[in-house]
Amino acid sequence: MIKRHTIFFGLTVLLLCGVAVGYPAGRLSAQSPVDTRFGAVESFWAPAEAAALGVGWERILFYWSQIQPYGPADWNTLHVKEEWLAEANANGRTIVGLLKNAPNWATDAGYPAGVPRGLYLPIDDPGNLWANFVRQTSAYYGPRGVHHWIVWNEPDIAPDVYGHEFAGSIEDYYQLVKVAYQVIKQTDPSATIHLGGMTYWHDQGYLRRYLRLVVSDPEAAANNYFFDVISLHIYFRPETVPMIVGSAFAVQQELGISPLKAVWINETNARPSMDPEWPVQVQAFNIDLDQQAWYLVQAYALGFYAGASRISVYKLVDINMSPGDESWGLIRPYDLSKRPAYFAYQNLIKYLGGFTYPLTRERTNDYFIVGFPRPQGLTRVLWARGTSPVTLNVPALAESAMLINAVTDEKTSVAAINGYYPVQLQGARCHGECLMGGPPIFLVEEGVTVDVIPTAVPPVIVATPIPSTSVAAAATLTPTVAATSTAAPTETSTATATATATATATPTATAVPTDTPEPTVTKTALPTAVKQDPAAPESKSTLVPTKAVELSSLPSRTSVAFSWWFLGAGGL
């Protein structure tokens, strides 16, 4: 007969083991819903940390070569674990699946970048292997919460360039997308189909050529052009973000695509090579831990201003890495220690989450100010562009505001003086190149009416008290009535842009950066964008930020949780 104290011991072990693994069950019942515009790639590797951040969407790799490794009869559901999907759904994260990597049996061109065999056959033909795989995958994972699908990855990297992922022509890629779109819409009509993430710098004309191919197809216009979202990958230089996002909108307008497709930034980051706990030798782009944190705030502010519907950091955590490998994560490999960028991202979501359009942006040769209206009031993100510190007078909408360090969350109350807040910005830091601006700060005013938003005029010298020993150029912003809210905001710029864009894939930054030309786009309402054993974690090249083939996985946190529960059950 089992004694009561034995039963009590077993139940206690079960409870303690469940607490030990830190599984973030029931997050939404205790906290407000997440803002789905803020993402982190492969958040399932660290679900508790993702929940604490408030991550709103994540990308998960669905490797065809892993799901059906030996033939069309295979169906390996352990490749993408269902507990990952359940945890994401429970915590309000949108799941975006990335379909790629043809298995050897399905292509004549070689694993994993080869064009699938039978791609040009009708979508209901058994010989169209890609159509069969996509149909089965969508039908299986749709009921499990996956309704966004990216078709392959970085198709703009040529086959003879390191990091390429698709060996076919641009016509082959269009057929790949067209087939996937038609098949998925049959099985899940509400699904959203994304183009593969494009790097821009590898082939700046790729998106234009692709969309020309699309609009030349007589079937395209009647079928929503066979895609819903343009996906971008942007790294290291935050000031290129609005130019690249703007180009994605401009080329659509040029080719007559209407309504405009949404633009997502699926990957962005500045990998720290100068982490004392994880040093890396690189050939270019030397970045310290502070700069990685600054990059995220600047890139997100400029990306959302430019009209990006959603943005995701690459990535939340790296796994299966050897010392000296390039680590991109907000969280370090293995020990899950957090880099400053983790806290910067947490603060970014905290103080920008729930923002509404239109946004405002002030850009001079010396600084940026991006304004985010929120239900709570107004958050302005400010940073110096060059190496020199900047002293500003920022127009006040309230009697006082909070100046908040974007990385540390350190707060300082600032009172309005003659209708202005005195603000000091520290200069940028450069390691050979000046890749980004200086440390950003948040200027947060709560309880203000944001129907009237400050907009930019050229800075002038103003005679208002500023705690500084030198004369300071101050920003004077004249309030105007906000325009009708749109997903792609209009801007007021105070700096003259360079006449032409540079053609180099790695433009050299300067201590006081000049403006990157941004395409002129007639802003219209955009559609509402209503690791895994993917065999191994992705890696990125220093010179060309692309991914290599993945290897093997560590046990997921859920797998560890199961082991503890099993131990508890044994005690019971």
Side-chain angles (χ1 to χ4, degrees), residues 234 236-246 265 268 270 290-291 293-308 311 344 347-348 351-352 355 357-373 378-395 401 403-407 420-430 434-445 453-460 472-478 489-498 507 509-518:
I234 308 174
F236 291 111
R237 294 184 173 92
E239 293 199 19
T240 65
V241 171
M243 180 270 292
I244 296 173
V245 172
I265 302 176
T268 194
D290 289 336
Q291 288 177 308
W294 303 346
Y295 172 89
L296 286 183
V297 177
Q298 295 172 26
Y300 270 72
L302 294 176
F304 283 132
Y305 175 81
I311 306 176
N347 294 329
L348 188 70
Y351 295 109
L352 268 58
F355 71 84
Y357 285 102
L359 309 183
T360 61
R361 185 184 71 175
E362 178 172 358
R363 175 182 62 185
T364 75
N365 287 333
D366 299 319
Y367 61 87
F368 271 105
I369 303 176
V370 186
F372 287 81
L378 178 66
T379 297
R380 280 175 274 193
V381 187
L382 308 88
W383 67 92
R385 298 182 71 190
T387 55
S388 299
V390 178
T391 304
L392 300 176
N393 279 340
V394 181
L403 283 175
I404 302 172
N405 185 305
V407 180
Y420 294 91
Y421 298 120
V423 177
Q424 301 281 345
L425 301 177
Q426 298 179 37
R429 186 184 300 162
C430 306
C434 296
L435 298 170
M436 66 202 67
I441 61 173
F442 300 130
L443 178 64
V444 178
E445 293 175 293
I453 303 175
T455 56
V457 297
V460 297
T476 61
L477 294 84
T478 304
T490 56
E491 80 163 291
T492 304
S493 174
T494 61
T496 302
T498 307
T510 58
V512 181
T514 57
D515 292 322
T516 303
E518 298 175 25

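The CG atom of Asn365 sits 10.0 Å away from the OH atom of Tyr367 when rounded to the nearest 0.5 Å. With rounding to the nearest 0.5 Å, the separation of CG in Leu348 from CD in Gln298 is 11.0 Å. Separation of atoms SG (Cys434) and CZ (Arg385) is listed at 12.0 Å; rounding is to 0.5 Å. Here the CZ-CG distance, from Arg380 to Leu403, works out to 10.5 Å after rounding to the nearest 0.5 Å. For the atom pair OH of Tyr295 and OH of Tyr300, the computed distance is 9.5 Å after rounding to the nearest 0.5 Å. Here Ile441 contributes atom CD1 and Asn347 contributes atom CG; the two are 13.0 Å apart, rounded to the nearest 0.5 Å.
The closest side-chain heavy-atom distance from Pro389 to Leu425 is not below 4.5 Å. Between Phe304 and Val245 there is no side-chain heavy-atom pair separated by less than 4.5 Å. Using a 4.5 Å heavy-atom cutoff, the side chains of Leu352 and Val381 are in contact. Side-chain atoms of Asp290 and Pro439, non-hydrogen and from C-beta on, never get closer than 4.5 Å to each other. Side chains of Leu443 and Val394 form a contact here, defined as non-hydrogen atoms less than 4.5 Å apart. Looking at Leu392 and Ile369, their side chains come closer than 4.5 Å, going by heavy atoms from C-beta outward. Counting heavy atoms from C-beta outward, Thr391 and Gln424 have side chains that approach closer than 4.5 Å. Looking at heavy atoms from C-beta onward, Pro373 lies in side-chain contact with Leu359 at the 4.5 angstrom threshold.
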Item to check | Working for side chain to side chain contact (heavy atoms under 4.5 Å, CB included), residues Leu302 and Phe368 | outcome: CA-CA 9 Å; Leu302 294 176; Phe368 271 105; 3.9 Å; yes

Checklist entry - How far apart are the C-alpha atoms of Trp383 and Val370, what are their side-chain angles, what is the distance that settles it, and do they pass the side chain to side chain contact (heavy atoms under 4.5 Å, CB included) test? => result CA-CA 9 Å; Trp383 67 92; Val370 186; 4.2 Å; yes

Checklist entry - Does the pair Thr387 and Cys430 meet the rule for a side chain to side chain contact (heavy atoms under 4.5 Å, CB included), with working shown? => result CA-CA 8 Å; Thr387 55; Cys430 306; 3.7 Å; yes

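Scanning all heavy atoms of the two residues, the minimum distance from Val407 to Ala293 falls at CG2-CB, 3.8 Å. The heavy-atom pair separating Trp294 from Gly437 by the smallest distance is CE3-O, 3.6 Å. Taking both residues in full, the closest heavy atoms of Ile311 and Ala308 are given as CG1-CB, 4.1 Å, listed atom of the first, atom of the second, then distance. Nearest heavy-atom pair, Ala384 versus Val390, reported as atom, atom and distance to 0.1 Å: CB-CG2, 3.9 Å. Shortest non-hydrogen contact noted between Thr268 and Ala299 is OG1-CB, 4.3 Å. Between Ala401 and Glu445, the closest heavy-atom pair is CB-CG, 3.6 Å.
Note: Phe442 and Tyr351 have tilted aromatic rings, judged against thresholds of 30 and 60 degrees for the angle between ring planes.
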